[in-house]
Student: 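This is the structure, below, for whatever I ask next.
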Amino acid sequence: MKKQVLLATAVAGLLAFGAQGVMAQNVAIVNGKAVPKTRLDSLALQVTKSGRPVTPDMEVQLREEVIAREVFMQEAEKLGLSTSEDVKIQMELARQTILIRELFSDYQKKNPVTEEEMKAEYDKFAAANGGKEYKARHILVEKESEAKEIIASLKKGGKFDDIAKKKSKDPGSGAKGGDLDWANPSSYVPEFSEALGKLSKGQTTETPVKTQFGYHVIRVDDIRTAQLPSYEEVKPQIAQQMQQQKLAAFQDGLRKKAKVE
């Protein structure tokens, strides 16, 4: 008798352990179908990647979300919606999106931007933007004759700001009296940049400067040594930009190698 009781107890214990093991692997059983815990783990990972912590309350919400999805999926399957051609196409597109995202993520993990690459990129930026910066103003008009009239008017004492507001066809700077703020000469088109570099503080161009935009009258209000951000300040932006460039090159390479008929 004792042996039978012990055997029954052992069997009950094993059954209980087995049930616990099943529930440990599954979030729940919905209408007899197991909902694997990996779905909950996947949703939790997405939340973590978005920068939010998975608190106990959040975990409860995620569990309810996983269960609700299973309930709705079972109903959709029961109604035969998964056999719809439109649904099949959408599911295939979703599958492609997930795989492509993983492909790009895998590439970036295996091909990170190195410290040397970022420093080299910063050095190029510093070389292109170093030297002098100019605080300039300009008045942009369509005809050379208009620009000459403005230069003559300025020589007679006309105010640059007032003329720019009235006559400049550059809406951005014109409204501010022609003010272009501080900038490196390389920021402008070559003709404008060349003319700017020949001016000293307080000087105005003696002749109109022709560019693809029209005719400019340029004045330099001030000149200073270029104030560049440090490498550490712009390092995150450089990393992001170079990651995008690498990924774009990878995408372009795959596209070029593909045989499309």
Student: Not counting sequence neighbours, list each pair that qualifies as a salt bridge (charged side-chain N to carboxylate O under 4.0 Å, His left out) and has a residue in residues 101-111.
Tutor: D106-K110
Student: Side-chain heavy atoms nearer than 4.5 Å, only ILVMFWY residues, links allowed to pass through others: does that put V35 and V60 together?
Tutor: no
Student: Linking I/L/V/M/F/W/Y whenever their side-chain heavy atoms sit closer than 4.5 Å, directly or via other members, would I223 and F192 fall into one cluster?
Tutor: yes
Student: Could you tell me which non-hydrogen atom of L180 sits nearest to which non-hydrogen atom of S173, and how far apart they are?
Tutor: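 The pair with the smallest heavy-atom distance is CD2-CB, 3.9 Å.
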Student: Is a side-chain donor or acceptor of T205 paired with a backbone partner of I218 at a separation under 3.5 angstrom?
Tutor: yes
Student: Provide the closest heavy-atom pair for E261 versus K259 in the form atom of the first, atom of the second, distance.
Tutor: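 Heavy-atom minimum between the residues: OE2-CE, 3.0 Å.
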Student: Are M73 and V66 connected, step by step, through hydrophobic side chains (Ile, Leu, Val, Met, Phe, Trp, Tyr) whose heavy atoms are closer than 4.5 Å?
Tutor: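 M73 does not cluster with V66.
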Student: Say you draw a straight line from CG of L62 to CG of D57; how long is it, rounded to the nearest 0.5 Å?
Tutor: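 It comes to 11.0 Å.
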Student: Could you report the tightest heavy-atom contact between A128 and S186, atom names first, then the distance?
Tutor: O-OG, 3.4 Å
Student: Taking atom CG of L43 and atom CD of Q61, what is their separation to the nearest 0.5 Å?
Tutor: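 So the gap between those two atoms works out to 12.0 Å.
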Student: Going by the angle between their ring planes, with limits at 30° and 60°, are F250 and Y107 parallel, tilted or perpendicular?
Tutor: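 Aromatic pair F250/Y107 classed parallel.
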Student: CD of Q203: more than 12 outside heavy atoms within 6.0 angstrom?
Tutor: yes
Student: Between E65 and R69, is the closest basic N to carboxylate O distance under 4.0 Å?
Tutor: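 Salt bridge present between R69 and E65.
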Student: Quick check on K169: does its NZ atom have over 12 non-hydrogen neighbours (other residues, nucleotides or ligands) under 6.0 Å away?
Tutor: yes
Student: Looking only at non-hydrogen atoms, find the nearest pair between G130 and N184 and report the distance.
Tutor: O-ND2, 3.0 Å
Student: Would you compute the distance between atom CD1 of I100 and atom CD of Q251 and round it to the nearest 0.5 angstrom?
Tutor: 9.5 Å
Student: Are L228 and Y188 joined in one hydrophobic group, where the rule is that I, L, V, M, F, W and Y side chains link up if heavy atoms are under 4.5 Å apart?
Tutor: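 Different clusters.
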Student: Under the rule for side-chain hydrogen bond (donor to acceptor under 3.5 Å, both in side chains), what residues qualify as partners of K235, not counting sequence neighbours?
Tutor: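 K235 satisfies side-chain hydrogen bond (donor to acceptor under 3.5 Å, both in side chains) with E115 once adjacent residues are dropped.
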Student: Tell me, which pairs form a salt bridge (charged side-chain N to carboxylate O under 4.0 Å, His left out) where one or both residues lie in residues 185-200, sequence neighbours left out?
Tutor: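 Listed once each, the pairs are E194-K198.
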Student: What residues form a salt bridge (Lys or Arg N to Asp or Glu O under 4.0 Å) with D221, not counting sequence neighbours?
Tutor: R137, R219
Student: Evaluate the side-chain proximity of K78 to Q74: yes if any heavy-atom separation is below 4.5 Å, no if none is.
Tutor: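 Answer no - side chains too far apart.
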Student: With side chain to side chain contact (heavy atoms under 4.5 Å, CB included) as the test, would you mind laying out the steps for V260 and R255 before giving the verdict?
Tutor: CA-CA 9 Å; V260 181; R255 188 69 181 84; 3.3 Å; yes
Student: Minimum heavy-atom separation for P185 and S193, please, with both atom names.
Tutor: O-OG, 3.0 Å
Student: Under the salt bridge (Lys or Arg N to Asp or Glu O under 4.0 Å) rule, collect the residues that match up with K132, sequence neighbours excluded.
Tutor: none
Student: For residues 238-248, which side-chain donor-acceptor pairs fall under 3.5 Å, sequence neighbours excluded?
Tutor:
{"from": "K246", "atom 1": "NZ", "to": "P112", "atom 2": "O", "distance (Å)": "3.2"}
{"from": "K246", "atom 1": "NZ", "to": "E117", "atom 2": "OE1", "distance (Å)": "3.2"}
{"from": "K246", "atom 1": "NZ", "to": "E117", "atom 2": "OE2", "distance (Å)": "3.4"}

Student: Do D170 and S168 meet the criterion of a side-chain donor-acceptor pair at a distance under 3.5 Å?
Tutor: no
Student: Check G178 against A164 and note the closest heavy-atom contact, atom names and distance.
Tutor: N-CB, 3.6 Å
Student: In terms of ring plane angle, is the pair Y231 and Y122 parallel, tilted or perpendicular, where the classes change at 30° and 60°?
Tutor: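 Perpendicular: the ring planes of Y231 and Y122 meet at over 60°.
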Student: With a 4.5 Å cut-off on side-chain heavy atoms, are R63 and E59 touching?
Tutor: no
Student: Could you list the cluster mates of L154? Members are the ILVMFWY residues connected by side-chain heavy atoms closer than 4.5 Å, either directly or through other members.
Tutor: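 Reading the cluster by chain and number, L154 sits alongside I139, V141, I150, I151, F160, I163, Y215, V217.
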Student: With a 3.5 Å cut-off and sequence neighbours excluded, list the donor-acceptor pairs that the side chains of residues 45-54 form with protein atoms.
Tutor:
{"from": "T48", "atom 1": "OG1", "to": "A44", "atom 2": "O", "distance (Å)": "2.9"}
{"from": "S50", "atom 1": "OG", "to": "V47", "atom 2": "O", "distance (Å)": "2.6"}
{"from": "S50", "atom 1": "OG", "to": "R52", "atom 2": "NE", "distance (Å)": "3.3"}

Student: Go through the structure and list residues passing side chain to side chain contact (heavy atoms under 4.5 Å, CB included) with R95, not counting sequence neighbours.
Tutor: E92, L99
Student: Quick one: do E133 and K135 make a salt bridge, cutoff under 4.0 Å?
Tutor: no
Student: Enumerate the side chain to side chain donor-acceptor pair (under 3.5 Å) contacts for residues 149-167, please, sequence neighbours excluded, ordered by first and then second residue.
Tutor: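 Non-adjacent pairs meeting side chain to side chain donor-acceptor pair (under 3.5 Å): K155-E206.
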Student: Does this structure show an ion pair linking D123 with K119, if we count only N-O contacts that are shorter than 4.0 Å?
Tutor: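 A salt bridge is absent here (no side-chain N lies under 4.0 Å from a carboxylate O).
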Student: Under 4.5 Å between any side-chain heavy atoms of D86 and Q90, yes or no?
Tutor: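 A side-chain contact under 4.5 Å exists here.
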Student: Within the structure provided, determine whether S187 and Y134 are in side-chain contact (heavy-atom separation under 4.5 Å).
Tutor: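 Side chain of S187 against side chain of Y134, heavy atoms only: no contact under 4.5 Å found.
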Student: Share the residues that join M91 in a hydrophobic cluster, the rule being Ile, Leu, Val, Met, Phe, Trp or Tyr side chains under 4.5 Å apart at the heavy-atom level.
Tutor: V87
Student: Would you check if the side chain of S42 reaches a backbone N or O of T38 as a donor-acceptor pair within less than 3.5 Å?
Tutor: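 No: the side chain of S42 does not pair with the backbone of T38.
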Student: Report yes if the side chains of W182 and Q227 come closer than 4.5 Å at any heavy-atom pair, otherwise no.
Tutor: no
Student: Is any side-chain heavy atom of V30 less than 4.5 Å from a side-chain heavy atom of I67?
Tutor: yes
Student: For E232, give me all partners under salt bridge (Lys or Arg N to Asp or Glu O under 4.0 Å), at least two apart in sequence or on another chain.
Tutor: none
